[in-house]
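Convention: sequence-line order gives letters A, B, ...; per-chain numbering from 1.
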Protein chains: 2
Amino acid sequence: MTEASHARTARPGAVMDLADLHGSLSDPALLSMNLLNEVAERYPDAVSFAAGRPDPGDFAIEDVHRYLRTWTAHVTGGAPGGAEAARTRLYQYGRTKGVIQDLVARNLATDESIHADPESIVVTVGCQEAMVLVLRALRADERDVLLATSPAYVGITGAARLVDLPVVPVDSGSGGIDLDDLAARVREAREAGLRPRACYLVPDFANPTGLSLDVPTRRRLLDLAAELDILLIEDNPYGFFGDGIPPKPTLKSLDEGHRVIYLGSYAKTALPGARIGYVVADQPVVRDGRTVGTLADELSKIKSMITVNTPPIAQAVIGGRLLESGFALRETNRDATARYGKKLRHLLDGLAARFPGPSPVTWNRPDGGFFLVVTVPFTADDALLAHSAERHKVIWTPMHHFYAAGGGLRQLRLSCSSLTPEEIDLGLDRFASLVTDLLERT
Amino acid sequence: MTEASHARTARPGAVMDLADLHGSLSDPALLSMNLLNEVAERYPDAVSFAAGRPDPGDFAIEDVHRYLRTWTAHVTGGAPGGAEAARTRLYQYGRTKGVIQDLVARNLATDESIHADPESIVVTVGCQEAMVLVLRALRADERDVLLATSPAYVGITGAARLVDLPVVPVDSGSGGIDLDDLAARVREAREAGLRPRACYLVPDFANPTGLSLDVPTRRRLLDLAAELDILLIEDNPYGFFGDGIPPKPTLKSLDEGHRVIYLGSYAKTALPGARIGYVVADQPVVRDGRTVGTLADELSKIKSMITVNTPPIAQAVIGGRLLESGFALRETNRDATARYGKKLRHLLDGLAARFPGPSPVTWNRPDGGFFLVVTVPFTADDALLAHSAERHKVIWTPMHHFYAAGGGLRQLRLSCSSLTPEEIDLGLDRFASLVTDLLERT
């Protein structure tokens, strides 16, 4: 509030105290999300290993126009009155569940062997909205808790915080999830009078660890979820990006008991700027013992209160992309997958060249995805990140942001998805100089 | 769950009980929103006075392409490297606050004499998301309550329910808001140990009543809000659509003390299918007595957990529309405003012709907007709506949906924004036959 505006008015001005706003606004998870989203813009000269941004490759704005025309032609040619149907569908509000669920279902069948009724799909504004819908539905009262592999993507932690749903961390171990820990946490929570509703995980090339579950672990996890009677929330943004390895079946494709809520996103595989995600929620919902619909129907009701519906124009753009690919986005992404694989190998080789063993700096070796984790012999917190960005012009993500219960202070996440090999080399040189400086100081 | 899928699996299937899901899912507000969104699709042969849908007029899909090209040219021509900037801005995730706040700010200055710092604006997925952001921020604990003029738009009631924020109804009276009632409700709430945070209202052509506040009432409301130390949440989707009357100043344009949070939407004035809304929240926020930013900064943090950002492609479409209009959407909407005015007069004349006075059927006479309210001498509930849709092939909205605390059972809302004069006549004939049938029965 400026002095001038104060002087002009006789009415007292409104000032808000952060202490009187929702607690999430003082929560580290929200601050992390903002930091991670905007740190690269704050230091434009730095090489950023922080953002898990997709590589635009040869994307051209004209592609957006073409996708839109492909979708328009598809709707227009679909039935008598098709041209008017396409016009209305683009112009008006549409159904809350979306206008492209049939196309998403065909894509899931083609790429993931997931056979979903289009009515069990809700198209969302990015996968983030899908998380909010699911967690809002599952958080009925203060007894409810969410389990999530730890370290966890800040988006799920933040969504949970927004709906006042506590998160119980489950150890990722070295295989993506420690099943004994999962069982123990569920039992502990129940003994404490709590109601563990679901376990969130990214089975393929997880953010931030890069870890993937092997197939036997996937099957055991499904068995255990049934035994414990909890749901699994499978988030799969990176599944295509295995570096030359055969894809593993998603939990959802192995799910025969409606045990898995599947979260998908076209941000990494089609176009981030469309912000199109979706949720497959085929769980039957009963009321007084009678089936009244599916969880997707309930999520759609919540969505009607959050965004009413996902922009039809953005859905149409992704619809056109799906149509052009013959619903085979995995195939369409083959070049991108190779490009990401090459970058990841370049990063791994670059680390090995700069920190030859035995070194106090170590890292894991994911076989795909956008991320890996480096362990360092010093505290890698936000203060060091600021120092690194300003003095060494290199940005990375402190891992402690991904540990809701504390931890990860000597770890950092590197992503190279949107960097060139030259930028990776430059960034690693700078990172090595940061490490050298710090080791010399100690 | 099918028998077949049951038979195939050894693992017990997941079934969810509605009683174990968030209470909002059993709340009439959410059911209303769904009903109102989808009732017209359920009865395609009926004339629908239910939806407040904009009239597409001569909208063509090609307009979307042109808006996008206009925005692209604007960004491309803005600076060296502009083409790459436009490509990146469309392709990538962007800032959480949005990519077109500067254009929105120019539009607000031109059309509403609202002079907002672009940094105090958050672009949202429809105005609905803006409501969720504001209410989530304001609901810090169980003492907080929202005031809202009653009857109220179901979107605000639903958003409040989603964040567990009780709504205290304030009488709309015949002038849009009863200021004595507002003061009394605030005092009552405080005496009960509650914390009234803000009062939500639509000052121009409100949904569902069609009522507008006159200018002296606007000034008195601002004075009263300062005196009571509450915020005002001004929602303005219909302000352009005065039927030949001069526009009244928005509360925000009269606000000199950061007292008003302004919610805007381009759904009715540009293109519903882009789903672009926004919030102006210039309230200073302090932490431990020190200013740390504005409420918009805090809303942006919440948004990062709900949708991360509004689809840049949809923002670009609206950006192009704003650029093409020279930021003067009110002028660009002059034809649409005339069209809506003509429809409203046709509806009013049609009611007068079919229910000549003295009649047990009465209605109010808004001077603009999309809605009016009819009072009838029988119960106009969802059961009667279903009967009306099936037997008489005419749809309207039972007003009880807009009364969170009960009421409105003998009222219904009519909207004619997307109907032709012929459809209005046909719909009114059918509505008159419904009324005749019911009056003959009693």
Checklist entry - Side chain, backbone, both or neither: which part of B/Leu254 has an atom under 4.5 Å from a heavy atom of chain A? => result backbone

Checklist outcome for this item: In terms of heavy-atom contacts, A/Pro272 and B/Gln92 come closest through CG-OE1, 4.0 Å

Item to check | Exercise: identify the closest heavy-atom pair between A/Pro312 and B/Arg275 | outcome: CD-CG, 4.0 Å

Checklist outcome for this item: d(A/Lys301 NZ, B/Leu162 CG) to nearest 0.5 Å is 12.5 Å

Checklist outcome for this item: Output for pair (A/Asp297 CG, B/Leu25 CG), nearest 0.5 Å, gives 10.5 Å

Checklist entry - What residue, out of A/Leu295, A/Leu90, A/Asp223, has the most heavy-atom pairs lying under 4.5 Å from chain B? => result A/Asp223

Next on the checklist: Report which part of A/Asn309 has an atom under 4.5 Å of a heavy atom belonging to chain B: side chain, backbone, both, or neither.
Outcome noted: both

Item to check | Identified side chain to side chain contact (heavy atoms under 4.5 Å, CB included) partner of A/Asp17 from the options B/Asp288, B/Val286, B/Val285 | outcome: B/Val286

Checklist entry - Do A/Asp164 and B/Arg136 meet the salt-bridge criterion of a basic N to acidic O distance under 4.0 Å? => result yes

Next on the checklist: Given heavy-atom pairs under 4.5 angstrom as the criterion, report whether the side chain, backbone, both or neither of A/Val260 touches chain B.
Outcome noted: neither

Checklist entry - Does any heavy atom of chain A fall under 4.5 Å from the side chain of B/Asp55, the backbone, both, or neither of them? => result backbone

Next on the checklist: Pair B/Val15, A/Gln283 - check side-chain contact (heavy atoms from CB on, under 4.5 Å), show working.
Outcome noted: CA-CA 6 Å; B/Val15 176; A/Gln283 288 67 29; over 6 Å; no

Next on the checklist: Tell me if the CZ atom of B/Arg66 is crowded by more than 12 foreign heavy atoms within 6.0 Å.
Outcome noted: yes

Checklist entry - By a 4.5 Å heavy-atom criterion (distance strictly below it), what part of B/Lys268 contacts chain A: side chain, backbone, both, or neither? => result side chain

Checklist outcome for this item: On a heavy-atom basis, the closest approach of A/Met305 and B/Gly155 is SD-O, 4.3 Å

Next on the checklist: Can you give me the closest heavy-atom contact between B/Thr307 and A/Gln128, atom names plus distance?
Outcome noted: N-CG, 4.2 Å

Item to check | Most contacts with chain A, counted as non-hydrogen pairs under 4.5 angstrom, among B/Ala314, B/Ala159, B/Pro54 | outcome: B/Pro54

Checklist entry - Where do A/Ala14 and B/Leu231 come nearest, in terms of heavy atoms and distance? => result CB-CD2, 3.8 Å

Checklist outcome for this item: Residue from B/Tyr91, B/Phe59, B/Tyr93 scoring the most non-hydrogen pairs under 4.5 Å with chain A is B/Tyr91

Next on the checklist: Which heavy atom of A/Arg287 sits nearest to which heavy atom of B/Ser26, and what is that distance?
Outcome noted: NH2-CB, 4.2 Å

Item to check | Pairing of A/Glu62 and B/Arg69 as salt bridge, 4.0 angstrom limit | outcome: yes

Next on the checklist: Just verifying a value: how many Å separate A/His22 NE2 and B/Arg139 CZ, rounded to the nearest 0.5 Å?
Outcome noted: 7.0 Å

Item to check | Which atoms of A/Thr124 approach chain B - backbone, side chain, both or neither, heavy atom under 4.5 Å | outcome: neither

Item to check | chain A interface, residue from B/Pro56, B/Gly126, B/Ala140 that has the most non-hydrogen pairs under 4.5 Å | outcome: B/Pro56

Item to check | For chain B, the option from A/Ala226, A/Ala137, A/Gly293 that forms the most heavy-atom pairs under 4.5 Å | outcome: A/Ala137

Checklist entry - Do the side chains of A/Leu138 and B/Met16 get nearer than 4.5 Å, heavy atoms only? => result yes

Checklist entry - Heavy atoms, side chains only, cut-off 4.5 Å: are B/Arg195 and A/Asp20 in contact? => result yes

Next on the checklist: So which residue, B/Val132, B/Leu133, B/Thr294, B/Leu222, ends up with the most heavy-atom pairs under 4.5 Å with chain A?
Outcome noted: B/Leu222

Checklist entry - What part of A/Arg89 lies closer than 4.5 angstrom to a heavy atom of chain B: side chain, backbone, both or neither? => result neither

Checklist entry - Crowded around A/Asp58 CG? As in, over 12 foreign heavy atoms under 6.0 Å? => result no

Checklist entry - Could you go step by step and tell me if A/Ile313 and B/Leu271 meet the side-chain contact (heavy atoms from CB on, under 4.5 Å) rule? => result CA-CA 10 Å; A/Ile313 289 172; B/Leu271 185 50; 3.7 Å; yes

Next on the checklist: Can you tell me which portion of B/Arg197 sits under 4.5 Å from chain A's heavy atoms? Options are side chain, backbone, both or neither.
Outcome noted: side chain

Checklist outcome for this item: In terms of heavy-atom pairs under 4.5 Å with chain A, the winner among B/Val317, B/Val125, B/Val163 is B/Val125

Checklist entry - Non-hydrogen atoms of chain A under 4.5 Å away: do they reach the side chain of B/Ala86, the backbone, both or neither? => result both

